[in-house]
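Dropping a structure here in structure tokens format, bear with me for questions.
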Amino acid sequence: MPRLPIGSFVLPMLLALPLPAAAQGDAARGEREFNKCRSCHMIEAPDGTEIFRGGRTGPNLYGIIGQPAGAAEGFRYSPSMVAAGEAGLVWDAENLRDYLADPTAFLRAHLGDPRARSNMAFRLTSGADDVIAYLESVAQ
């Protein structure tokens with residue numbers, strides 16, 4: 001019986017693995033959509049470069065994708081957000097999309113706590129994928 005190269009089995013198996021959730025939006029549109037977020041959030045690189053001028057009511061969103069929830073230095077999060085981060089919540093495109101749609105409902109579901117609250121009252125009802133794509137693009 002002929003022997004098949006190992007790659008003939010490994011490559012198809014690797015291609016079948018699920019990929020991390022990534023934004024499916026348009027970063028250019030997301031930059032425009034981010035104007036809805038600017039009253040509370042800014043995007044500033046670690047070296048102090050201002051990428052998107054905005055408010056400081058919410059945390060700096062530079063590099064948020066892939067970061068644990070409620071962990072950015074120098075920002076005071078709600079106790080529920082801190083608890084979510086301590087419970088292992090990491091911001092990926094899927095989690096962020098669900099959070100942006102309804103922050104408090106997301107935390108309540110994630111923590112299994114009907115009293116959990118988010119400090120963010122704003123709900124991004126459309127354009128979340130575009131905003132997430134923008135956030136991913138500026139932190140590269």
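Numbers here are sequence positions counted from 1. Predicted model, so just to flag it, every value in this text is computed and none were measured.
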Could you pull out all residues at least two apart from Arg115 that satisfy salt bridge (charged side-chain N to carboxylate O under 4.0 Å, His left out)?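 Expected list: Asp113.
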* Met42 reachable from Tyr77 in the ILVMFWY side-chain graph, under 4.5 Å edges ->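 As far as the 4.5 Å side-chain criterion goes, Met42 and Tyr77 are not connected within one cluster.
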- Calculate, to the nearest 0.5 Å, the distance between atoms CD1 and OH belonging to Ile51 and Tyr62 respectively.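 The distance works out to 5.5 Å.
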Exercise. Take Arg53 and Arg38 through the test side chain to side chain contact (heavy atoms under 4.5 Å, CB included) and record every step on the way to the result.
Key: CA-CA 7 Å; Arg53 187 173 186 193; Arg38 80 177 314 152; 4.2 Å; yes
Looking at CD of Gln67 and CG of Asp92, how far apart are the two atoms once the value is rounded to the nearest 0.5 Å?
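One gets 12.0 Å once the value is rounded to the nearest 0.5 Å.
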| Once you round to the nearest 0.5 Å, how far does OG1 of Thr57 lie from CG of Asn119? |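 Going from OG1 on Thr57 over to CG on Asn119, the span is 10.5 Å.
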query = Which heavy atom of Ser80 sits nearest a heavy atom of Leu111, and at what distance?
reply =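 Heavy atoms of Ser80 and Leu111 come nearest at O-CD1, 3.4 Å.
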#### Entry: Steps toward side chain to side chain contact (heavy atoms under 4.5 Å, CB included) verdict (Thr49, Glu44)
CA-CA 6 Å; Thr49 302; Glu44 184 178 287; over 6 Å; no
- request: If the plane angle is over 60° it's perpendicular, under 30° parallel, otherwise tilted; pick one for Phe106 and His110.
  value: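 Answer is parallel, since the angle falls under 30°.
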### Message
Any non-hydrogen side-chain atom of Arg56 less than 4.5 Å from a side-chain atom of Phe75?
### Response
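Of all side-chain heavy-atom pairs linking Phe75 with Arg56, none is under 4.5 Å.
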* Aromatic ring pairing Tyr134/Phe34, orientation class (parallel under 30°, perpendicular over 60°, tilted between) ->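 Answer is tilted, since the angle falls between 30° and 60°.
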*Please report the closest heavy-atom contact between Met120 and Tyr99, naming both atoms and the distance.*
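Heavy atoms only, the tightest pair is CB-OH, 3.6 Å.
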- Query: Could you state the interatomic distance from CG (Leu135) to SG (Cys37), rounded to the nearest 0.5 Å?
  - Reply: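 It is 7.5 Å, given to the nearest 0.5 Å.
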Query - Interatomic distance, Ser137 atom OG to Ile65 atom CD1 [nearest 0.5 angstrom] - result: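 With rounding to 0.5 Å, OG (Ser137) is 10.5 Å from CD1 (Ile65).
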Going by the rule side-chain hydrogen bond (donor to acceptor under 3.5 Å, both in side chains), which residues pair with Arg117 if we only count those two or more places apart in sequence or in a different chain?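 If we apply the side-chain hydrogen bond (donor to acceptor under 3.5 Å, both in side chains) test to Arg117, skipping adjacent residues, there are no hits.
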Practice problem: Compare every heavy atom of Leu107 with every heavy atom of Ala84, then report the nearest pair and how far apart it is. | Solution: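 Where Ala84 meets Leu107 most closely, the heavy atoms are CB-CD2, 3.8 Å.
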Exercise: identify the closest heavy-atom pair between Pro114 and Gly112 =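 Taking Pro114 first and Gly112 second, the nearest heavy atoms are CD-O, 3.9 Å.
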* Asked: Okay, side chain of Arg123, backbone of Asp102: is any donor-acceptor separation there less than 3.5 Å?
  ->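 Side chain of Arg123 to backbone of Asp102, a donor-acceptor pair under 3.5 Å: no, none is there.
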Exercise for review: Taking His41 for its side chain and Pro59 for its backbone only, find out whether a donor-acceptor pair lies under 3.5 Å.
Suggested key: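 Yes: the side chain of His41 pairs with the backbone of Pro59.
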Open item on the list: Keeping Asn35 on the side-chain end and Arg32 on the backbone end, is there a donor-acceptor pair under 3.5 Å?
Closed with: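 Yes, the answer is positive, given that a donor and an acceptor are paired below the 3.5 Å cut-off.
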message = How close do Asn95 and Val90 get, counting heavy atoms only, and between which atoms?
response =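 Between these two residues, the closest heavy atoms are ND2-O, 2.8 Å.
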Query raised in the report: Within the distance-only criterion (no hydrogens, no angle test), does the side chain of Asp130 pair as donor or acceptor with the backbone N or O of Gly25 below 3.5 angstrom?
Result: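 Pair absent, no side-chain N/O of Asp130 close to backbone of Gly25.
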* Check Leu100 against Pro103 and note the closest heavy-atom contact, atom names and distance. =>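 Closest approach of Leu100 to Pro103: O-CD, 4.2 Å.
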*Atom OG in Ser39, atom CZ in Phe122: separation rounded to 0.5 Å?*
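Reported to 0.5 Å precision, the distance equals 8.0 Å.
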